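These figures come from a predicted structure and were not determined experimentally. Side chains are part of it too, since the values below use all heavy atoms of this structure and drop only hydrogens, waters and symmetry mates.
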Amino acid sequence: MDARLEQERIRAARDVVHAVLLKSLTPKAMEDSAKKLGLWRKGALSLQQEEELAVVTDYAIHHYRPDGKNTVERVLNNRGSAFESTERAVLEAMSRSRFTVLELDPSNDGVTIAARDRLYDEPLLIADEGLAKIAERGQLIATRVVPLGGLAVLTGAALPFDRELAADLLSVLERRWPGAVPSGLRGVSTAEQGRIVADLVTVALRGTERLRDEPLEPRTPEN
């Protein structure tokens, strides 16, 4: 199948799935997620950039787990059979997705982007024609990667990420969990993975302010 046609088919399925996931979110999920990301003030969402709503929604879909399962897992368990084959494949892939930092290396075809996952130390081929047209070699972005066989697609916002901050953040993560980076965050709990994503998002949005005000150092166990 033509690469553009395949990308359009996957993108259409992703959009259908994402719409279902959005409808499954509760106000509580959005509120708790916004609080985790520092985007809730005076009883309401406090947004200064267009991308911030997308990252709150992404966090609510993938990291809000009131019963131990996130929205993707609940929809997959309860309604997975209702999706057509491509949509179900995308939904299943979303259950394996990850929010991470990518270093981009745009290809010449204008359809795909070669990238290296800086947290998982993996090469990826991203199917995103829009991003392929504007991406620059060596550019870093924080975003969610959904693996689909030999390709991957992105969901949510693609946040520009400072190279120096990326190095600092990776260093802090390595100190907190030796060997976890770059190994797919092996040994890191689901709850702590959610905190890592919150750190990635807020560093991308607030830069050095996040590292200065809320240093990402190992916690002291509570009594």
Side-chain angles (χ1 to χ4, degrees), residues 18 21-22 25-66 70-72 94 97-104 115-121 131 135 138-146 154-178 180-182 184-185 187-220 222:
H18 194 254
L21 296 174
L22 283 177
L25 289 178
T26 63
K28 177 67 170 172
M30 291 294 289
E31 177 181 341
D32 284 7
S33 299
K35 287 177 177 177
K36 290 280 189 182
L37 300 174
L39 298 173
W40 185 270
R41 295 181 181 86
K42 298 182 179 180
L45 282 167
S46 177
L47 307 177
Q48 299 179 3
Q49 302 178 40
E50 182 179 347
E51 297 87 354
E52 290 176 346
L53 181 58
V55 296
V56 172
T57 301
D58 179 86
Y59 194 92
I61 288 172
H62 294 278
H63 298 287
Y64 178 71
R65 296 175 174 270
N70 66 17
T71 302
V72 176
M94 281 186 171
S97 69
R98 61 194 190 239
F99 195 92
T100 189
V101 176
L102 299 180
E103 182 169 357
L104 306 181
R116 177 158 290 278
D117 189 324
R118 294 289 297 275
L119 288 186
Y120 290 70
D121 195 28
L131 185 60
Q139 178 182 359
L140 297 183
I141 60 171
T143 190
R144 180 165 298 280
V145 174
V146 181
L154 307 181
T155 63
L159 304 174
F161 211 91
D162 180 81
R163 184 172 295 276
E164 184 176 345
L165 283 178
D168 289 345
L169 186 59
L170 290 173
S171 177
V172 170
L173 292 175
E174 180 60 28
R175 289 200 302 273
R176 184 186 291 170
W177 295 286
V181 180
L185 301 181
V188 180
S189 70
T190 299
E192 290 291 357
Q193 286 182 29
R195 183 166 185 257
I196 290 171
V197 172
D199 290 337
L200 288 173
V201 168
T202 49
V203 168
L205 294 174
R206 294 165 53 192
T208 56
E209 180 184 347
R210 172 67 173 179
L211 293 178
R212 182 178 67 248
D213 292 349
E214 302 173 61
L216 311 180
E217 297 296 342
R219 301 176 184 175
T220 302
E222 297 180 1

Show your working on side chain to side chain contact (heavy atoms under 4.5 Å, CB included) between His62 and Val197 and close with a plain yes or no.
CA-CA 10 Å; His62 294 278; Val197 172; over 6 Å; no
Steps toward side chain to side chain contact (heavy atoms under 4.5 Å, CB included) verdict (Tyr120, Val145):
CA-CA 11 Å; Tyr120 290 70; Val145 174; over 6 Å; no
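Using a 4.5 Å heavy-atom threshold, the side chains of Lys36 and Tyr64 count as separate. Val201 is not listed as a side-chain neighbour of Leu39, based on a closest heavy-atom distance of 4.5 Å or more. Side chains of Leu154 and Arg144 form no contact here, defined as non-hydrogen atoms less than 4.5 Å apart. In this structure the side chain of Phe99 never reaches within 4.5 angstrom of the side chain of Ile196, judged on heavy atoms. For the pair Leu21 and Met94, the minimum side-chain heavy-atom distance is below 4.5 Å.
At least one donor-acceptor pair under 3.5 Å links the side chain of Tyr59 to the backbone N or O of Gly194.
Residues forming a side chain to side chain contact (heavy atoms under 4.5 Å, CB included) with Glu103 (at least two apart in sequence, or on another chain): Arg118, Leu140, Arg163.
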Report all side-chain donor-acceptor pairs from residues 46-56 shorter than 3.5 Å, counting only partners two or more places apart or in another chain.
{"from": "Ser46", "atom 1": "OG", "to": "Arg41", "atom 2": "NH1", "distance (Å)": "3.2"}
{"from": "Glu52", "atom 1": "OE1", "to": "Gln48", "atom 2": "N", "distance (Å)": "2.5"}
{"from": "Glu52", "atom 1": "OE1", "to": "Gln49", "atom 2": "N", "distance (Å)": "3.3"}

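The minimum heavy-atom distance between Ile141 and Gln139, with the atom names listed, is CG2-NE2, 3.9 Å. When all heavy atoms are compared, the tightest approach of Leu104 to Leu131 is CD1-CD2, 4.3 Å.
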